[in-house]
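The next block holds one structure in the form of structure tokens; read it before the comments.
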Amino acid sequence: MKLLNNFYQVSGPALSHRFDATAYLLNSGKELLLIDCGTPEGYQDCLSNIRKLGYDPADISCIFGTHGHYDHVGAAALFKKDFGCKLYLHEADAQRVMEGDDIKTTASLLYGSHFPPCTVDGFVKDGDVFEYDNFTLEVLHTPGHTPGSVCYVLSIQGMRVLIAGDTIYGGFSAHIGSSEEQWRRSLDRICGYHFDSMVVGHSNPVLLADADARLRDARASFANYYNPWFKNFKDEYRY
Ligand SMILES: [Fe+2]
């Protein structure tokens, strides 16, 4: 599903498998990149979606993961085996992915499955900027959902798009290393920036406009009743 020129959603419940988080394909002009890549269950449909857009998965050079969870990077080992893609993650979530930790990756915890262990080829860190012909990608380390959660800021066609992963609307669990204190700090931080639009880790294919107001609403509703995204009945938020 095309979201902008050279920016596509290729996985997600409506596009591949109900287990899948959102995954995005970027055409740099010289190579293809993925931001997250879904689960093994959704792998074939993800490949099919990429091909339907006219692209060859063999041209994918790397996967930038938002964090080390099954629904986001569970298929990374398959992409690596079939196409030689490299996987980049924040260091704090790398061990769970390399070891195939079924709890910390949520594979068994939420999906009754196993995480295929995957070598992490490099670490992304806060402030990294990756420049390509068609766009740039900047890394914001936003721990809270997991210790190694990151957001990517995609600057493309004059727009700043926040690729939020599970930093917005993700689940909270001590089993996966969630930290309410860190998460609040991360939300405060991203609310201090301007974004024209954003995408989140679990949604239908949609580019959410009015991102600054949505982020403020998300921040205001965080951790009500200790369910991070519980909605107060008295409040109105736009999801
Ligand atoms: Fe997650």
Side-chain angles (χ1 to χ4, degrees), residues 9-24 34-43 46 63-77 79 87-118 120 123-124 126 139-152 162-187 190 198-204 208 215 218-219 221-223 226-230 239:
Q9 186 172 335
V10 291
S11 283
L15 293 176
S16 47
H17 191 276
R18 64 191 173 86
F19 287 174
D20 285 342
T22 53
Y24 301 94
L34 284 174
I35 310 281
D36 286 344
C37 61
T39 63
E41 285 84 351
Y43 179 61
C46 178
I63 300 162
F64 287 99
T66 59
H67 61 295
H69 276 173
Y70 183 71
D71 47 335
H72 292 258
V73 292
F79 275 99
L87 174 65
Y88 297 100
L89 272 183
H90 191 277
E91 187 173 10
D93 275 14
Q95 187 180 4
R96 64 184 68 189
V97 166
M98 290 198 278
E99 291 178 353
D101 184 321
D102 286 332
I103 302 294
K104 287 183 179 170
T105 63
T106 72
S108 62
L109 195 67
L110 295 181
Y111 301 99
S113 192
H114 295 292
F115 190 97
C118 187
V120 176
F123 300 136
V124 293
D126 192 70
V139 179
L140 300 177
H141 182 211
T142 52
H145 174 63
T146 64
S149 287
V150 303
C151 296
Y152 293 97
L162 179 68
I163 300 174
D166 282 354
T167 292
I168 300 297
Y169 311 139
F172 184 97
S173 170
H175 292 298
I176 60 173
S178 300
S179 161
E180 185 179 332
E181 189 184 337
Q182 287 186 338
W183 207 339
R184 285 186 188 282
R185 278 205 297 270
S186 294
L187 292 169
I190 58 177
M198 69 174 183
V199 293
V200 296
H202 296 272
S203 79
N204 291 322
L208 297 165
L215 287 171
R219 172 68 182 86
S221 67
F222 178 73
Y226 209 74
N227 174 341
W229 304 111
F230 196 90
Y239 293 108

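Values reported hereafter were calculated over all heavy atoms of this structure, with side chains retained and with hydrogens, waters and symmetry mates removed. Fair warning: this is a prediction, and the values are worked out from it, not measured in the lab. Each ligand, and each atom within it, is numbered from 1 in the order the structure gives.
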Next on the checklist: Pairing donors with acceptors under 3.5 angstrom, does anything connect the side chains of His202 and Asp166?
Outcome noted: yes

Checklist entry - Any side-chain donor-acceptor pair under 3.5 Å between Thr39 and Asp20? => result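 Yes - a donor-acceptor pair under 3.5 Å links their side chains.
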
Checklist outcome for this item: Under 2.8 Å from the Fe ion (ligand 1), the protein N, O or S atoms found are His67 NE2, His69 ND1, His145 NE2, Asp166 OD2

Next on the checklist: Has His141 got a side-chain atom pairing as donor or acceptor with Pro147's backbone, closer than 3.5 angstrom?
Outcome noted: yes

Next on the checklist: Strictly distance-based, threshold 3.5 Å: is any side-chain N or O of Ser108 a donor or acceptor partner for the main-chain N or O of Asp102?
Outcome noted: yes

Checklist entry - Taking atom NE2 of His69 and atom CG of Leu109, what is their separation to the nearest 0.5 Å? => result 8.5 Å

Next on the checklist: Are the side chains of Leu162 and Val199 in contact, using a 4.5 Å heavy-atom criterion?
Outcome noted: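 No; the side chains remain at least 4.5 Å from each other.
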
